[in-house]
Participant: 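Could you have a look at this structure, given as structure tokens, before my questions?
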Amino acid sequence: MAGKTLYDKLWQDHVVRENDDGTALLYIDRHLVHEVTSPQAFEGLRLAGRRPWRTSANLAVADHNVPTTDRSGGIKDPTSRLQVDTLDRNCDEFGIVEFGMGDPRQGIVHVIGPEQGATQPGMTVVCGDSHTSTHGAIGALAFGIGTSEVEHALATQTLIQAKSKRMLVRVDGKVGPGVTAKDIILGIIGHIGTAGGTGYAIEYGGEAIRDLSVEGRMTICNMSIEAGARCGMVAVDDRTIEFMRGRPFAPSGELWDQAVEYWRTLHSDDDAEFDRVVVLDAADIQPQVSWGTSPEMVAPVGGRVPDPAEESDPVKRTGMERALEYMDLRAGTPLSEVRPDKIFIGSCTNSRIEDLRAAAEVVRGRRVADTIKLAMVVPGSGLVKKQAEDEGLDRIFTEAGFEWREPGCSMCLAMNADRLEPGERCASTSNRNFEGRQGQGGRTHLVSPAMAAAAAVAGHFVDVRNI
Amino acid sequence: MEPITQFKGVVAPLDRANVDTDAIIPKQFLKSIKRTGFGPNLFDEWRYMDQGEPGKDNSERPLNPDFVLNQPRYEGASVLLARRNFGCGSSREHAPWALLDFGFRVLVAPSFADIFYNNCTKNGILPVSLDEAIIEHLFQEVYETPGYTISVDLPNQVLETHFGDRHPFDIDAFRKHALVEGLDEIGLTLQHADEIRAYEARRRQSAPWLFAGGQ
């Protein structure tokens, strides 16, 4: 009999019962809650007279709506304020731990989970947010859910799930200098497409993945959903265990030793079988820039905007034509001639300390180009912000002309005041370049933090390896 | 949720691949703390010529005459015909809520994104996946035939076109059951409360750190 994949092991350890119809009732160890997708779930509990099954399994934070400018006056937008107040009230009523807007630990839900050690290897982690896949980087089974399932998880500590197929994405060899986790995952999505992972749980492996820090692996797993997969994961290794050590919610003492012993089993067996295996050569991956309105529409920075006429699939061709029209780009234009108006460094994909260090390294001693209307850095959490300030990164950014903001989701989805105006073009370290994602009519180019920083100082996209 | 067994409705064709949930219901409308009222802002950026905001009177807003849902021939549509990877992106359940609130009960496409598909089945919307060639043919028929309807028979898993062509479709047994019965899944799961407690007791032995409580 073939060995087990990491996904098989995580799945098996959480099955409460197998149902006759092929689904399983899966136990949920950690439920992360934010203000946008939870109010209707709490309302559902109240209407049915239900309570959370296990209060301590939940951890809440407001991130989508919070302002990234001075917060002393609260939230100005009344609808945003109502949503954040509603989360506060619900957490009070049901006794759920919440990091409020004034808490130094507040931040993007997918940054604070691992940062606090609240998400751990071997856990099932869910949240009403598709980027929950981020937590798979530490060897957890983590996936996004809708609000009905948020209510189900609150009320029962379980979800009814059908098992996914298993995919291994292996990135062999070493990436070249200047090529980051973001470039690897954009390269993977460009290769398998935005529906390539639909129906699969993806495990990322190979030397280039193992070489990444745990934070880099989070960037990879974060964008699994952009490849269509609800969850992505990386096997536990020494780096994972070192990452967990000493975090506030992580086990300590004897329980730590016991946990580590279990965590060390969280990898696919040598003889495990996957339903699909995709292999990429790390050496082929260049710094990436997205040119269209879907995360699969990416090209190496040295490349050009592709020509829809060369696409044989009519549905894809129409999509490309529409994307070029929306993005106001012509086929054949070198990406290095594309000039952003705004720069956004942040989001659950790229707002951790390493991301800020990488961007600061490029910015150090340089100035944001005059043609850039706004360049902003939004740290992923209050603790990331503090760490960066302790390292002097904030000064590097502000002296170059960047704005240094408070933590939150910010211009990744523009639910707060941070957004693109119609027609504006942005070099963004976020995860989605959909039409209108960063503001109606706004045009998003997805890049790594170093590439966003390079575009900020050059005034156009440029290969970070050449500056 | 409202059960769905037999359903027949007028079809509106949305001829784009990779329609994401940001397009289905833009972020500014996610600030609502309710489940209803999203219909007037379904596909807001494509449907109107101006920028939509919560609280704005949508009846006063200029419509985009080119957008399919603004064309009189598709008025009252309750079946949406779409292209591959429909519903990709954000997990927002506001997307199916908006489709439902507008009046859609059946979606027909070559493929759907996983989370969106799941969210639909929790809200009484039936997503039907059919082969891409069949979908292409349906688009042609819809364009050529005013008043084009589609019927679905969920118990028998058959979609019937306006002209009587019958196409069987697949759906997981548990999703079908939930849709046909309009089930309260939480109530059903809580019937297994003893098994959940037994699991927790076992897990507390084998992985006690998971129950040590946070700080």
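Numbered from 1 within each chain, the chains take letters A, B, ... in sequence-line order.
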Participant: Testing the 3.5 Å rule here: is there a donor-acceptor pair between the side chains of B:W97 and A:Q40?
Facilitator: no
Participant: Give, as side chain, backbone, both or neither, the part of B:S111 having an atom under 4.5 angstrom from any heavy atom of chain A.
Facilitator: neither
Participant: With a 4.5 angstrom heavy-atom cut-off, is it the side chain or the backbone of B:F112 that approaches chain A, or both, or neither?
Facilitator: backbone
Participant: Non-hydrogen atoms of chain A under 4.5 Å away: do they reach the side chain of B:A95, the backbone, both or neither?
Facilitator: neither
Participant: What residues of residues 123-145 of chain B make heavy-atom contacts with chain A at a cutoff under 4.5 angstrom?
Facilitator: B:N123, B:E132
Participant: Between B:K34 and chain A, with a heavy-atom cut-off of 4.5 Å, which part of the residue counts as in contact: side chain, backbone, both or neither?
Facilitator: backbone
Participant: Taking all atoms of both residues into account, what is the closest heavy-atom pair of A:T194 and B:N85, and its distance?
Facilitator: OG1-ND2, 3.5 Å
Participant: Test of understanding: with salt bridge (charged side-chain N to carboxylate O under 4.0 Å, His left out), list the residues that count as partners of A:R46, not counting sequence neighbours.
Facilitator: A:E43, A:E93
Participant: Can you tell which part of A:V15 gets under 4.5 Å to a heavy atom of chain B, answering side chain, backbone, both or neither?
Facilitator: backbone
Participant: Can you tell me which portion of A:E35 sits under 4.5 Å from chain B's heavy atoms? Options are side chain, backbone, both or neither.
Facilitator: neither
Participant: Is any side-chain N of the basic residue among B:K31 and A:D77 closer than 4.0 Å to the acidic one's carboxylate O?
Facilitator: yes
Participant: Under a 4.5 Å heavy-atom cut-off, does chain A meet the side chain of B:P26, its backbone, both or neither?
Facilitator: neither
Participant: Are A:S148 and B:N119 close enough that some pair of their side-chain heavy atoms sits under 4.5 Å apart?
Facilitator: no
Participant: Pair B:W209, A:E254 - check side chain to side chain donor-acceptor pair (under 3.5 Å), show working.
Facilitator: CA-CA 9 Å; B:W209 64 91; A:E254 201 179 311; over 6 Å; no
Participant: Are B:R16 and A:E321 within salt-bridge range, i.e. N to O under 4.0 Å?
Facilitator: no
Participant: Please state whether the side chain, the backbone, both or neither of A:L59 comes within less than 4.5 Å of a heavy atom of chain B.
Facilitator: neither
Participant: With a 4.5 Å heavy-atom cut-off, do B:R92 and A:T147 have their side chains touching?
Facilitator: no
Participant: Of the non-hydrogen atoms in A:Q83 and B:S32, which two are nearest, and what is the gap between them?
Facilitator: NE2-O, 3.3 Å
Participant: Find the distance between CG (B:N118) and CD (A:Q161) and round it off to the nearest 0.5 Å.
Facilitator: 6.5 Å
Participant: Decide whether A:T37 and B:E93 meet the rule of one side-chain donor and one side-chain acceptor closer than 3.5 Å.
Facilitator: no
Participant: Quick check on A:H64 against chain B: is it the side chain, the backbone, both or neither that has a heavy atom closer than 4.5 Å?
Facilitator: neither
Participant: Which atom names give the shortest non-hydrogen contact between A:A414 and B:K27, and what distance separates them?
Facilitator: O-CG, 3.6 Å
Participant: Of the backbone (N, CA, C, O) and the side chain (C-beta and beyond), which part of A:P314 lies under 4.5 Å from a heavy atom of chain B, both, or neither?
Facilitator: neither
Participant: What are the two closest non-hydrogen atoms of B:D114 and A:G228, and how far apart are they?
Facilitator: OD2-O, 3.8 Å
Participant: Checking B:R203 against chain A: side chain, backbone, both or neither under 4.5 Å from a heavy atom?
Facilitator: side chain
Participant: Is A:D313 salt-bridged to B:R84, going by a charged N under 4.0 Å from an acidic O?
Facilitator: yes
Participant: Considering only NZ, NE, NH1 and NH2 on the basic side and carboxylate oxygens on the acidic side, decide whether A:R50 and B:D184 come within less than 4.0 Å.
Facilitator: yes
Participant: If I measure from the heavy atoms of chain B, does A:W256 come under 4.5 Å with its side chain, its backbone, both, or neither?
Facilitator: neither
Participant: Under 4.5 Å heavy-atom distance to chain A, tell me which part of B:H94 shows up: side chain, backbone, both or neither.
Facilitator: side chain
